[in-house]
Structure formats: C-alpha cells, structure tokens
Amino acid sequence: MNNRMYLLICLFMTWLGVGAQNMETSRYVNIVYIGNSITEGVIIENPRGNAPPVKASAWLREQPGIAKVKYSNQGVSGKTTVDFLPETKTYFRKVVEAADELSTDSWATLVFSISLGTNDSAIKGPNGAPVSPQQYYANLKAITDELLRLYPGCLIVYQHPIWYSPNTHNGATYLEEGLNRLNSYPAELQQLVIDYGQTHPGHVYLGDTEAYNYFKENYKDKLIPENGRSGIFYLHPNVEGAADLGRFWGKALYRILSGLSDEK
C-alpha cells in the first residue's frame, strides 16, 4: 500500500469516527407543550409562526448537540390544571394523541413542557378557579403521574407562569388577589420537582424561572395592552414578547437536555 492510499484510508476512518461520535451525542427531541392562551399564542399575529412553542423549538434546533426537534402546541386559551386532569378526558386526551404521534420516533427524547397557572390563579371565571396552591400541586401531580405511567421514559418540565398586571380583568377576574395566588405557585413546582426526584429521579425538572421578572420589568414593550373592566391590563405577550418567552423556555429545555447522560 502506498503512502497516498494509506493517508486516504486514515482520513476516512477518522471521518467515520467523528460521524459516529456526533450520532452518539446528537439528540433528537420531541416536545409536547401544555398550556393556556399564552402557550397557544392568542392575540398575536400568526400564532402558527410566532407562538412561544414555535420559537422555543426553533431556538433549540440551532443548539449544539441537538439533531432535530419536533413539537406539538397543546396550549388552549382559558384552560387551567383542572381542564388538563386525566379524568376530564378532553384536553388530556389531545395531549396523549399528540404524544403518541410523536412517540413513533422511538429514538427521540419525549418532553412535556408544562406552563399552567395563570388561569388557575384567577378569582373567578376559568374552570376550577381559584385553585389553591395545594390543589395546584395535586392537579399537576395527577397530570404528571399519568404522563409518567403512559410514557415511562419521558421528561416533564415545569415552566414558571409569567407575570400579569394586577388590574387584569377581562372575561375572568384576576386582579391583585390573583397575582398574589400566582406568586404562590412556584413553590409548589419546586416541591413537585423535589418529590419526583425521590420517586422518579431524572424525569421531572424545573424549567424557566426568569421570564416572570423579565415581563414584569418590560411589560410595556413585551406584553399587549388590552382593554379590560378595570382599565388597560397586560397579560399576553406580543410577537416580540412571545419570541423572548420561547427563548426562555428553549434555554431551560436545553439546559436540562444537555445535563442528561448519553445513555438516557
């Protein structure tokens, strides 16, 4: 064998090794986003292209080690943790249908990104509201338990609900009482993660915790001013705000996915 042929063979074998390494470290991700109107992307122009799940998935696709991202947006306007309980069937069934479709890719990591709480916190209006912190915990636990039963290898990520103005009052009544209740929910999310760390280690995580303060500080630029029964209120992200929220979610998901062992 001459030197030129030997060099070509060595280069080819090196390329194969790099390719195999990339195949091992690159992750295929399928995400089901569960949420309310903020997740759905209501009010903003072209939610199919601008809703937070769209932006989160697009951001995630560009990150090192991520081979492909597929997703399903299961955000439904006005819904609470009560609406997504397995026993209520309708909305949980749609989540399962979406997950089943994505689960045909058996090599991909199945993730459920959950952002619920805004409507739960209302004084009245949405189904089940007001939802106490203890009931919020119980509802999310029921949802999580069933998802883990149906999809034992999945990941569950709780995204903190974002800030809304204390005069928020549309078809439902939120106001300062609702905002105070919303602010009690993150402690329940943290406790859920701690508890599942004992029973299902490596499957349940806390996602984004930063978007709340971001929107509180930048609400005039990032949220849509809406006419309400108690004046102009701020609740839903505009197009730019939805993109920012998507990046917050995407970064949280990437942090979690990057921390998984190669064997998972």
Side-chain angles (χ1 to χ4, degrees), residues 31-44 47-48 51-54 56 71-102 110-151 154 156-164 168-175 177-186 188-189 191-192 196 204 207-208 211-212 226 235-237 242 245 249:
I31 309 169
V32 179
Y33 294 91
I34 302 171
N36 46 46
S37 58
I38 293 170
T39 301
E40 185 180 358
V42 302
I43 301 181
I44 62 174
R48 290 178 64 87
V54 182
Y71 73 94
S72 175
N73 185 350
Q74 292 299 313
V76 185
S77 181
K79 301 310 172 187
T80 63
T81 55
V82 176
D83 292 301
F84 280 97
L85 286 172
E87 64 202 50
T88 62
K89 309 269 186 233
T90 302
Y91 298 102
F92 189 82
R93 185 179 70 245
K94 291 180 179 179
V95 167
V96 171
E97 289 172 356
D100 284 347
E101 184 173 347
L102 291 174
L110 178 63
V111 181
F112 294 92
S113 173
I114 303 177
S115 181
L116 289 167
T118 299
N119 296 311
D120 296 69
S121 72
I123 297 171
K124 62 179 180 179
N127 187 24
V131 176
S132 70
Q134 297 77 16
Q135 193 59 49
Y136 181 73
Y137 174 102
N139 291 349
L140 281 174
K141 185 176 187 304
I143 294 167
T144 303
D145 283 347
E146 186 64 6
L147 290 175
L148 289 171
R149 186 187 73 80
L150 293 171
Y151 311 99
C154 77
I156 311 286
V157 179
Y158 303 129
Q159 313 281 9
H160 275 199
I162 65 172
W163 179 88
Y164 57 76
T168 297
H169 189 183
N170 46 25
T173 307
Y174 298 84
L175 304 178
E177 178 186 329
L179 183 61
N180 289 337
R181 189 162 26 252
L182 184 79
N183 289 332
S184 71
Y185 292 163
E188 304 305 319
L189 297 178
Q191 190 60 51
L192 280 162
Y196 278 110
V204 180
D208 169 68
Y212 179 98
E226 301 178 55
L235 170 65
H236 296 101
L245 181 57
W249 289 356

message: Tell me whether the count of non-hydrogen atoms from other residues, nucleotides or ligands lying under 6.0 Å of CD in Glu101 goes above 12.
response: no

Smallest separation among heavy atoms of [X] and [Y], with atom names:
{"X": "Glu40", "Y": "Ser77", "answer": "OE1-N, 2.7 Å"}
{"X": "Arg181", "Y": "Val131", "answer": "CD-O, 3.3 Å"}
{"X": "Ile123", "Y": "Pro130", "answer": "O-CD, 3.2 Å"}
{"X": "Gln191", "Y": "Tyr137", "answer": "CG-CE1, 4.1 Å"}
{"X": "Ala98", "Y": "Ser72", "answer": "CB-OG, 3.4 Å"}
{"X": "Ala242", "Y": "Ile44", "answer": "CB-CD1, 4.1 Å"}

Audit row: Ile34, Thr39, side chain to side chain contact (heavy atoms under 4.5 Å, CB included) steps and yes/no: CA-CA 7 Å; Ile34 302 171; Thr39 301; over 6 Å; no

Report yes if some heavy atom in the side chain of [X] is under 4.5 Å from a heavy atom in the side chain of [Y]; otherwise report no.
{"X": "Leu192", "Y": "Thr144", "value": "no"}
{"X": "Pro161", "Y": "Asp120", "value": "no"}
{"X": "Phe84", "Y": "Val76", "value": "yes"}
{"X": "Leu147", "Y": "Val95", "value": "yes"}
{"X": "Tyr151", "Y": "Asp100", "value": "yes"}
{"X": "Ser115", "Y": "Trp249", "value": "yes"}
{"X": "Tyr71", "Y": "Val111", "value": "no"}
{"X": "Leu182", "Y": "Trp163", "value": "no"}

Drop me the distance from [X]'s [atom1] to [Y]'s [atom2], to the nearest 0.5 angstrom.
{"X": "Leu102", "Y": "Ile31", "atom1": "CG", "atom2": "CD1", "answer": "9.5 Å"}
{"X": "His236", "Y": "Leu245", "atom1": "NE2", "atom2": "CG", "answer": "12.0 Å"}
{"X": "Leu150", "Y": "Asp145", "atom1": "CG", "atom2": "CG", "answer": "11.0 Å"}
{"X": "Gln135", "Y": "Glu188", "atom1": "CD", "atom2": "CD", "answer": "11.0 Å"}
{"X": "Tyr196", "Y": "Leu148", "atom1": "OH", "atom2": "CG", "answer": "6.0 Å"}
{"X": "Phe112", "Y": "Ile156", "atom1": "CZ", "atom2": "CD1", "answer": "6.0 Å"}

task: Mind jotting down which residue pairs meet the salt bridge (charged side-chain N to carboxylate O under 4.0 Å, His left out) criterion with at least one end in residues 72-96? Sequence neighbours excluded, please.
output: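 Listed once each, the pairs are Arg93-Glu97.
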
- request: Given side chain to side chain contact (heavy atoms under 4.5 Å, CB included), test Tyr174 with Asn119 step by step and report yes or no.
  value: CA-CA 8 Å; Tyr174 298 84; Asn119 296 311; 2.6 Å; yes

message: Strictly distance-based, threshold 3.5 Å: is any side-chain N or O of Tyr185 a donor or acceptor partner for the main-chain N or O of His160?
response: no

query: Just by distance, do the side chain of Gln159 and the backbone of Asp208 share a donor-acceptor pair under 3.5 Å?
result: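 Present.
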
message: Using side chain to side chain contact (heavy atoms under 4.5 Å, CB included), reason through Val204 and Tyr158 one step at a time and then give a plain yes or no.
response: CA-CA 8 Å; Val204 180; Tyr158 303 129; 3.5 Å; yes

Flag for Tyr164-Ser121: side-chain donor and acceptor within less than 3.5 Å: yes

Tyr136 and Ser184: CA distance, side-chain angles, deciding distance, side chain to side chain contact (heavy atoms under 4.5 Å, CB included) verdict: CA-CA 10 Å; Tyr136 181 73; Ser184 71; over 6 Å; no

